[in-house]
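Note sheet for the following structure.
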Amino acid sequence: MRRDFERTILVTGGAGFIGTNFIEGLARRRPRLRIIDLDALTYAAHPESFERQRAMDNVIPVQGDICDAALAADLLARYEVTGVIHFAAESHVDNSIADPVKFVRTNVSGTAALLEAAYRCWSKADCLQTARFHHISTDEVFGSLGAEGLFTEDSPYAPTSPYSASKAAADLLVAAYIKTFGLNATISHASNNFGPWQHDEKFIPTVIRRCLAREAIPLYGTGENVRDWIWVEDHCRAVETIFFEAAPASRYIVSAENERTNLQIARSICRIFDELRPWPGHRHEELIAHVADRPGHDFRYASCSGRLRRTLGWRPTGSFEERLRETVAWYVSRRGAALPASGPQTDPAHSKNGR
Ligand SMILES: NC(=O)c1ccc[n+]([C@@H]2O[C@H](COP(=O)([O-])OP(=O)(O)OC[C@H]3O[C@@H](n4cnc5c(N)ncnc54)[C@H](O)[C@@H]3O)[C@@H](O)[C@H]2O)c1
């Protein structure tokens with residue numbers, strides 16, 4: 001481990017989907033930044049990410065719970081941390097319907113523990129104005145849209161699932177620490193991410209996995225629900241820009257403005273498979289199977305990232321279709337992709353459908 005670091009930051013949840021991508025990019029782009037990754041390695045984490053981080057000069061992975069206030073305080077003081085980027089969360093809406101209290105513990109109490117540790121440490125070190133806490137939120141805190149309109153940073157909060165309610169509560173705690181204690185914090189609300197390292201339980205990896213296995217692709221309800229998709233690396237660059245450049249107490253929506261219905265996404269992936277791995281006599285679309293809708297399923301999320309583009313010059317890179325292809329290629333190569341010889345096996349009851 002090198003010793004000439006300019007600064008140390010704590011990233012939470014850096015072994016999850018977005019955190020893994022974030023730390024790999026940030027560590028490469030900023031070799032003089034030391035990054036502590038605090039992750040509990042829940043079922044959603046990639047233990048492999050810790051292995052990869054151990055091989056990096058400027059990343060220290062630490063297995064631990066964000067609800068453990070003493071651990072957070074110790075890490076902040078021991079490594080003289082002057083920045084926190086907080087990704088760690090329970091993130092799957094279906095799981096929040098099955099076990100809401102777990103989401104309150106991690107997403108609300110965990111965020112409170114981190115905020116308190118950061119406030120106390122930075123007050124003591126007299127760096128409350130310069131040290132920064134960046135909180136990763138979601139567009140889901142704004143609830144569901146009808147066919148028209150876009151979320152902006154000024155949209156009212158109207159969360160509908162235990163997941164989005166717990167994220168909204170965490171956002172309000174961050175806002176309270178800004179107002180009450182003068183914490184230098186920022187918040188970003190990202191739309192649906194896709195790309196490498198996403199957990200199998202989420203929608204796009206599920207469709208890819210089912211195409212690979214030629215098994216039924218479960219689609220909630222009619223499949224007409226609309227999501228706004230962003231390439232994970234574009235989100236990561238936005239977070240980096242906001243963390244280093246945004247004004248204190250600012251809030252940004254992070255969206256590439258790619259609205260697609262779930263049915264369109266499933267069909268696009270099926271078409272990519274038709275080209276990449278033709279299935280003689282069939283089209284992968286035949287695998288799509290509509291299943292009972294998720295309770296309280298939000299109809300449409302769509303956000304406007306005008307503030308981020310205008311004030312910080314952020315832009316998404318590449319087209320949605322190119323990025324989707326890259327994503328499919330990543331999962332196919334990771335899975336070794338041996339294809340079954342037989343036809344489709346339909347078992348939608350045993351499938352999950354993500355964000
Ligand atoms: N995935 C998306 O499309 C999306 C969109 C907008 C916002 N977000 C937000 O981005 C963040 C990261 O999302 P993701 O998709 O990478 O999630 P993920 O579920 O893939 O990863 C979450 C990570 O947090 C860790 N974690 C969970 N509980 C913890 C605890 N108590 N202590 C320490 N670590 C813990 C897990 O081990 C895992 O590594 C979340 O805050 C989520 O709400 C995600």
Side-chain angles (χ1 to χ4, degrees), residues 10-24 36-50 53 61-69 71-72 75 84-96 99 101-114 117 134-142 151 159 161-171 174 187-205 227-236 238-239 252-256 258 265 298 301 303 305 327 354-355:
L10 176 74
V11 174
T12 69
F17 163 42
I18 305 173
T20 293
N21 286 285
F22 181 75
I23 288 183
E24 295 213 357
I36 315 294
D37 174 13
L38 174 61
D39 195 302
L41 298 185
T42 69
Y43 81 96
H46 300 284
E48 187 184 338
S49 299
F50 264 25
Q53 290 166 7
V62 176
Q63 182 173 3
D65 190 335
I66 54 166
C67 299
D68 182 345
L71 173 64
L75 291 174
V84 172
I85 302 182
H86 176 34
F87 288 97
E90 288 293 339
S91 70
H92 191 40
V93 174
D94 286 349
N95 294 345
S96 82
D99 187 358
V101 174
K102 189 173 181 187
F103 279 64
V104 173
R105 179 188 179 274
T106 297
N107 300 357
V108 186
S109 302
T111 302
L114 278 176
H134 181 69
H135 175 64
I136 309 293
S137 182
T138 164
D139 60 0
E140 296 188 40
V141 296
F142 303 120
F151 298 132
S161 71
Y163 164 68
S164 54
S166 67
K167 293 295 291 185
D171 293 7
V174 175
I187 299 178
S188 54
H189 301 275
S191 60
N192 277 39
N193 284 225
F194 69 102
W197 301 106
Q198 191 163 25
H199 193 276
D200 269 356
E201 69 190 353
K202 301 288 171 67
F203 180 56
I204 287 181
R227 299 294 179 259
D228 180 357
W229 292 92
I230 183 167
W231 170 241
V232 64
E233 285 184 18
D234 288 336
H235 177 202
C236 292
V239 169
Y252 285 92
I253 278 185
V254 184
S255 153
N258 284 313
I265 295 283
D298 288 339
Y301 307 137
S303 306
S305 56
T327 302
R355 199 174 179 264

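When a ligand or atom number is given, it counts from 1 through the structure's own listing order. The chain is numbered in sequence order, starting from 1. As the structure is a prediction and not an experimental result, all values here were calculated from the model. Just so it is clear, the values below take in all heavy atoms, side chains as well, and ignore hydrogens, waters and symmetry mates.
Checking only distances, Phe87 does come within under 3.5 Å of ligand 1, N or O to N or O. Not a single N or O atom of Ala190, backbone or side chain, sits closer than 3.5 Å to an N or O atom of ligand 1. Of the N or O atoms in Ser137, none lie within a sub-3.5 Å distance of an N or O in ligand 1. Remark: ligand 1 and Thr42 share an N or O pair separated by less than 3.5 Å (distance only, no angle test). Any N or O atom pair closer than 3.5 Å counts here, and Gln198 shares no such pair with ligand 1. In terms of polar-atom proximity, defined here as any N/O pair under 3.5 Å, Ile66 does make such a contact with ligand 1. The shortest N or O to N or O distance between Asn193 and ligand 1 is under 3.5 Å.
Taking the side chain as every heavy atom from C-beta outward, Asn258 and Trp231 never approach each other to under 4.5 Å. Side-chain atoms of Tyr252 and His189, non-hydrogen and from C-beta on, never get closer than 4.5 Å to each other. Val254 is listed as a side-chain neighbour of Ile230, based on a closest heavy-atom distance under 4.5 Å. Under the 4.5 Å side-chain criterion, counting only non-hydrogen atoms from C-beta, Leu38 is in contact with Leu10.
The Ala88 neighbourhood of ligand 1 comprises atoms 24 (O), 34 (N), 35 (C), with distances under 4.0 Å to a heavy atom of that residue. Set against the non-hydrogen atoms of Gly64, the atoms of ligand 1 under 4.0 Å away are 32 (N), 33 (C). Set against the non-hydrogen atoms of Leu41, the atoms of ligand 1 under 4.0 Å away are 37 (O). Taking a cut-off of under 4.0 Å to the non-hydrogen atoms of Ala15, the atoms of ligand 1 that pass are 39 (O). The atoms of ligand 1 that sit less than 4.0 Å from any heavy atom of Ala45 are 37 (O), 39 (O).
Here atom 44 (C) of ligand 1 lies nearest to Ile18 when heavy atoms of Val239, Thr12, Thr138, Ile18 are compared. Nearest to atom 27 (C) of ligand 1 by heavy atom, out of Ala40, Ser255, Ala89, is Ala89. Of the listed residues (Ala44, Ala72, Ser91), the one carrying the non-hydrogen atom nearest atom 17 (O) of ligand 1 is Ser91.
Counting heavy atoms under 4.0 Å from ligand 1, residue Ser191 touches it through the backbone alone. Contacts with ligand 1 closer than 4.0 Å are made by side-chain heavy atoms of Tyr163 only, the backbone lying farther away. At a 4.0 Å heavy-atom cut-off, ligand 1 touches Asp65 through backbone and side chain alike. Heavy atoms of Lys167 found under 4.0 angstrom from ligand 1 belong exclusively to the side chain.
Separation of the His199 and Tyr43 ring centroids falls under the 6.0 Å cut-off. In this structure, the ring of His46 has its center no less than 6.0 angstrom from the ring center of Phe17.
A salt bridge is absent between Arg227 and Asp139: the closest approach of a Lys/Arg side-chain nitrogen to an acidic carboxylate oxygen does not fall below 4.0 angstrom.
The aromatic rings of Tyr301 and Phe151 are tilted relative to each other, their planes meeting at an angle between 30° and 60°.
Checked options Lys202, Glu233, His235; the residue passing with Asn193 is His235 (criterion: side chain to side chain donor-acceptor pair (under 3.5 Å)). Here the options are Ser96, Ser164, Ser161, the test is side chain to side chain contact (heavy atoms under 4.5 Å, CB included), and the partner is Phe103; only Ser96 passes.
In terms of modelled atom types and a separation under 3.5 Å, the side chain of Thr12 and the main chain of Ala88 share a donor-acceptor contact. Asp37 places a side-chain N or O within donor-acceptor distance of the main-chain N or O of Gly14, the cut-off being under 3.5 Å.
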